[in-house]
Amino acid sequence: MVGANSPRRLREVLESYYRAGSRGFLVSGGFNSAGFLPLTEDHLRVLGEFRGVGEVFLSVHLGLAPRPLVDKAMRVFDMVDFEVPPSQDY
């Protein structure tokens, strides 16, 4: 996994891998204490703009996100993977 914790760095990583021939991208990373990936409006804007560079497939491990974030993510990503954060019970 390549770190891209700022929108600028996210754009750099996406463009670099795209130039190297990658067309499928999984956005994942640490969940916050509420159990979801804290994507900002700026992250989503960069991802949405990146979709316009050519044929790409964007997937995300979003977690248990609030409905407004899910709605925004559905406009950007091709697939929202449902990943449940680990439990202390197993």
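When a residue number appears, it is its place in the shown sequence, counting from 1. Predicted, not measured: the structure shown is a model, and the values here were computed from it.
Between Arg45 and Glu49 there is a salt bridge, since at least one side-chain N of the basic residue sits less than 4.0 Å from a carboxylate O of the acidic one. Note on Asp71 versus Arg67: salt bridge recorded, some NZ/NE/NH1/NH2 to OD/OE distance being below 4.0 Å. Residues Arg51 and Asp78 are paired through a salt bridge, judged by an N-O separation under 4.0 Å between the basic side chain and the carboxylate.
Side-chain contact between Leu39 and Val60 is present, with heavy atoms from C-beta onward closer than 4.5 Å. Counting only heavy atoms from C-beta outward, the side chains of Asn5 and Leu10 never approach each other to under 4.5 Å. Side-chain contact between Val27 and Phe77 is present, with at least one heavy-atom pair separated by less than 4.5 Å.
More than 12 heavy atoms of other shown residues, nucleotides or ligands fall within 6.0 angstrom of atom CZ in Phe50.
Note that CZ of Arg11 and OG of Ser6 are 10.5 Å apart. Values are rounded to the nearest 0.5 Å. With values rounded to the nearest 0.5 angstrom, His43 atom NE2 is found 8.5 Å from Leu37 atom CG. Going from atom OG of Ser16 over to atom CZ of Arg9 covers 8.0 Å, rounded to the nearest 0.5 Å. Distance CG/Leu26 to NE2/His61: 4.5 Å, rounded to 0.5 Å.
With ring centers used as reference points, Phe25 lies 6.0 Å or more from Tyr18.
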Exercise. Would Leu64 and Phe31 count as a side chain to side chain contact (heavy atoms under 4.5 Å, CB included) if you check the C-alpha gap in whole Å, the side-chain angles of each, and the deciding distance to 0.1 Å?
Worked result: CA-CA 9 Å; Leu64 303 173; Phe31 291 159; over 6 Å; no
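Paired with Leu47 under the rule side chain to side chain contact (heavy atoms under 4.5 Å, CB included), one option of Val76, Asp42, Val56 passes, and it is Val76.
Pairing each heavy atom of Asp81 with each of Ser59, the nearest pair is OD2-OG, 2.7 Å. When all heavy atoms of Pro38 and Gly30 are compared, the pair lying nearest together is CD-O, 3.6 Å. Among all heavy-atom pairs drawn from Leu62 and Ala73, the shortest one is CD2-CB, 3.9 Å.
Here Met79 sits in one hydrophobic cluster together with Phe57; the rule is ILVMFWY side chains under 4.5 Å apart, joined directly or through other members.
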